[in-house]
Amino acid sequence: MATQDTQDSAAPQAEAADRPSIAFRSAYDQGFARVAAVTLPVVPGDPGENAAAIIDRARALGEDGVCLAAFPELCLTGYAIDDLLHADVLLDEALAAIETIRAASEDFLPAIVIGAPIRVGNRLFNCAVVIAGGAVRGVAPKSYLPTYREFYEARHFAAGDAPEADQRRARLRGVRGPGGPGGAGTADATVPFGPHLLFDVADVPGLTFHVEVCEDMWVPVPPSSVAALAGATVLLNISSSPITVGRAEDRHLLARASSARGLAAYVYAAAGQGESSTDLAWDGQTMIYENGELLGSSERFPDGPRATIADVDIEGMRAERLRQGTFEDNARTLARAAGGAHAPGPASFANPRAFERIEIPAADLRAPRTDIGLRRRVDRFPFVPDDPARLAQDCYEAYSIQVEALIQRLRAIGNPRIVIGVSGGLDSTQALIVAARAMDRLGRPRSDILAYTMPGFATSATTRRNAEDLAVGLGCSFSELDIRPTATQMLTEMGHPYGRGERGPEVYDVTFENVQAGLRTDFLFRIANARGGIVLGTGDLSELALGWCTFGVGDHMAHYGVNAGIPKTLIQHLIRWVVAERIFDDAVGRTLLSILDTEISPELVPGSQDEPMQSTQSRIGPYALQDFTLWHVLRRGSRPSRIAFLAEKAWSNASEGDWPQGLPEADRVAYALPEIRRWELLFLKRFFANQFKRSTLPNGPKVVAGGSLSPRGDWRMPSDASGAAWIAELERNVPQS
């Protein structure tokens, strides 16, 4: 495998003096927002006492950097108080408590969402009240009222689509307003009212939240789903939800599904301690999901207040929506089906265009731009799960995808033989064990795999032995083809110093390397012509990203690239999984383990006293870091500085966090920010400079959800695109120390 076929990217870097810089270690500047789902003991029928508890928790959350917090349904009064909900005393006290919280909110950070009964006209609504920066910003009534089994809410409340809800405004007696008529300084605020409210936090770009109440999550088309299509990135559900056996799991299922479908964060807070146990019980469950992934959950049945706090990835969710075009298509379809209704009424429930957007100004909610850490798990290996069961499942699927793809290609072209070069390295090993399994599935002898080892000027005895042991152990037709005489003749004919007998580091240039890599591939193609076969490519996704392959007649080319969708960090786990599953016999398993213990090297340059073996990772960076960058580029299109921020969180301390099962202790290392910055800079330069190789990529299957680099699939870009803007962003915003 040669390495230097690159086009220099020497374009001048764009002027960046007038571009805003970021506080590198600020989670908010890096596109995250800290949110909380809170449960706390409630005193039934005592809004004043409950308001004091809410204020205490809100202050503490603000000191922790939280900008948005959800409290349970009817937490101001208690949920299970039945006909007391119609008592004027309680309703008046609830409004007084809201005013108390509103006044206190001038001095604490987060926007908070609390549950309270609100009277509008002659009807009572079960509401979520949004308070931020000294003002009630809006009131969202519960859309769907359960009146089955233990629930009897229609006795007390009107649903969110009742005629009174169509007014879009609610007058709150004794509560000071946010401005305008009935505004700040006067009582009886008139505030936005209805289930169609979206709240934009001006100081946190992209943070738009929507609130629904308990049962709203359980219907086939939740209001939050339409709100997500309307632009909400954070969906909150304030709930009471009494606990019965199995219900907690159902809540997880629904919250996860809502977050996954909505490409959003889903923040769920349920009632707990203090609610009446006359007929029911309560567990105080809280959780936060993001795009179908659980970011955190709290202890259930707690004694005292609890909160799940997480930094949700606003920038990442917006990136997912941008790439998934059907998301906006769905919004347009629903708006059209609703008749374009912007006015209040039942049709507007399903219309993303009918939502009212309410801005919470930056002056009223200013998130901290300091280093508050990052409250979420960042995977060191985005392509490799830490959970052993999930890793085994991923390995099974990845290996099966490769095998099935190769079987289909062989069947489609007349079942030719397979010609493959085996080096004793990871990539050719993975391709060979895929080919062997494909032959088994086709009912063909493995001897139809023609495996060639082609030693060059730097091939080690270890890799040469492993290559033969593996090919022979699998029952392939094995041959050795020494390329050194032909390579020497070619170098001589070219007038290269090595051909004249000169030796030394300065002679081992890109030509010296690529003559070997090119000859190997040339031989394989001609052998395939002669033997009725196809050349099976061995290069992987990570090498394609970095351009670590010889263009054209080199390891860049094959008849079919079975590894093209597999990143380097996953390959070792695939091989380890094959051994654990005993897909091949024990002797082959031992050889595979020996290969896993071998240094990654192209073995094209003879060793020296300073560098006994040519090391790939010393040249192009640790694959762990480069695959980390690759995932965030392919999956999210992330800014370079943001990738560096996340890499530092993932890699700065080897003793913290989870590691994939089976990863050797020697690979469980830490990287400091200067190393991260250095290797990401190299990644960007090589990634842009080597698109021309990816533009002419052979066929090969996409394997991982993180993406592929096929010009016919996941990734399309011009070969002459400049990476100057990306490099400038990294250099501008990532400190060197």
Ignoring hydrogens and geometry, is there a side-chain-to-backbone donor-acceptor pair from E729 to S641 under 3.5 Å?
yes
Side-chain (R694) to main-chain (S710) donor-acceptor, under 3.5 angstrom
no
Test your reading of the model: is there a side-chain donor-acceptor pair from Q516 to the backbone of L604, 3.5 Å cut-off?
yes
With sequence neighbours left out, write down each residue that passes side-chain contact (heavy atoms from CB on, under 4.5 Å) with P698, or none if nothing qualifies.
M557
Pair S259-N291, side-chain donor/acceptor within less than 3.5 Å:
no
Report the C-alpha separation of V734 and L673 in whole Å, then their side-chain angles, then the decisive distance to 0.1 Å, and conclude whether the side-chain contact (heavy atoms from CB on, under 4.5 Å) test is met.
CA-CA 9 Å; V734 181; L673 184 60; 4.0 Å; yes
Is a donor on one side and an acceptor on the other found under 3.5 Å between the side chain of R635 and the backbone of A705?
yes
Between F209 and L198, is there a side-chain heavy-atom distance shorter than 4.5 Å?
no
Sorted by chain and residue number, the side chain to side chain donor-acceptor pair (under 3.5 Å) partners of Q626 (sequence neighbours excluded) come out as none
If you look only at pairs with a residue in residues 704-737, which of them pass as a ring-ring contact (aromatic ring centres under 6.0 Å, His included), with sequence neighbours excluded?
F687-W715, F688-W726
Side chain to side chain donor-acceptor pair (under 3.5 Å) partners of T308, counting only residues at least two apart
T286
Taken in chain and number order and not counting sequence neighbours, the residues that satisfy ring-ring contact (aromatic ring centres under 6.0 Å, His included) with Y268 are none
Rounded at 0.5 Å granularity, tell me how far CG in L61 sits from CD in E63.
9.5 Å
Let's go through R366 and L109 carefully: what are the C-alpha distance in whole Å and the side-chain angles of both, what is the deciding distance for side-chain contact (heavy atoms from CB on, under 4.5 Å) to 0.1 Å, and is it a yes or a no?
CA-CA 7 Å; R366 190 168 295 282; L109 168 64; 5.7 Å; no
Looking at D555 and T550, would you say the former's side chain and the latter's main chain have a donor-acceptor pair under 3.5 Å?
yes
Whether R716 side chain and R712 backbone form a donor-acceptor pair below 3.5 Å
yes
What distance do Q661 atom CD and W577 atom CH2 have between them, rounded to the nearest 0.5 Å?
14.0 Å
Do T208 and T233 pair up side chain to side chain, a donor and an acceptor below 3.5 Å, judged on atom types alone?
no
Which atom pair, heavy atoms only, marks the closest approach of A264 to R321?
CB-NH2, 3.6 Å
Main-chain N/O of A202 paired to D200 side chain as donor or acceptor, under 3.5 Å
no
In terms of heavy-atom contacts, does CD of E506 have more than 12 from other residues, nucleotides or ligands at under 6.0 Å?
yes
Run the side-chain contact (heavy atoms from CB on, under 4.5 Å) test on E648 and F24 for me, step by step, so that the C-alpha distance in whole Å, both residues' side-chain angles and the decisive distance to 0.1 Å come before the verdict.
CA-CA 11 Å; E648 185 182 38; F24 175 70; 3.7 Å; yes
Could I get the full list of salt bridge (Lys or Arg N to Asp or Glu O under 4.0 Å) partners for R318, not counting sequence neighbours?
none
Residue pairs meeting salt bridge (charged side-chain N to carboxylate O under 4.0 Å, His left out), one or both in residues 372-381, sequence neighbours left out, come to D64-R375, E290-R376, R377-D379, R377-D386, R377-D658
Taking R369 for the side chain and A23 for the main chain, is one N or O donor matched with an acceptor at less than 3.5 Å?
no
All heavy atoms of F383 vs all of P567, minimum pair found to be CG-CG, 3.4 Å
Carboxylate-amine/guanidinium proximity below 4.0 Å for E293 and R256
no
Does atom CZ of R390 have more than 12 heavy-atom neighbours from other groups under 6.0 Å away?
no
Let me see the working for Q285 and S298 under side chain to side chain donor-acceptor pair (under 3.5 Å), right down to the final yes or no.
CA-CA 6 Å; Q285 185 173 27; S298 66; over 6 Å; no
side-chain contact (heavy atoms from CB on, under 4.5 Å) assessment of L663 paired with Q572
CA-CA 9 Å; L663 190 76; Q572 64 166 297; 3.6 Å; yes
Looking at residues at least two apart in the chain, or sitting in another chain, which of them share a side chain to side chain donor-acceptor pair (under 3.5 Å) with D313?
R636, R642
Have a look at K568 and tell me which of N563, D427, D627, T616 forms a side chain to side chain donor-acceptor pair (under 3.5 Å) with it.
D427
Between S695 and S719, does a side chain to side chain donor-acceptor pair (under 3.5 Å) hold up when you go through it step by step?
CA-CA 7 Å; S695 294; S719 297; 3.1 Å; yes
Quick check: does any side chain N or O of S258 sit under 3.5 Å from a backbone N or O of A255, one acting as donor and the other as acceptor?
no
Only counting residues at least two apart or in another chain, list the ones meeting side chain to side chain donor-acceptor pair (under 3.5 Å) with Q393.
E397
With no hydrogens and no angle check, do the side chains of E603 and T463 hold a donor and an acceptor under 3.5 Å apart?
yes
For Y508, the ring-ring contact (aromatic ring centres under 6.0 Å, His included) test, sequence neighbours excluded, returns F512
Closest non-hydrogen atom pair, A228 against F327:
O-CZ, 3.4 Å
Can W679 and W651 be said to form a ring pair (Phe, Tyr, Trp, His ring centres under 6.0 Å), step by step?
CA-CA 13 Å; W679 293 121; W651 285 98; over 10 Å; no
List the atom of S708, the atom of L541, and the distance in Å for their closest heavy-atom pair.
CA-CD1, 4.0 Å
Under 3.5 Å, is there a donor-acceptor pair between the side chain of N690 and the main chain of R686?
yes
Residues forming a ring-ring contact (aromatic ring centres under 6.0 Å, His included) with Y289, sequence neighbours excluded
H252
Could I get the full list of ring-ring contact (aromatic ring centres under 6.0 Å, His included) partners for H632, not counting sequence neighbours?
F628
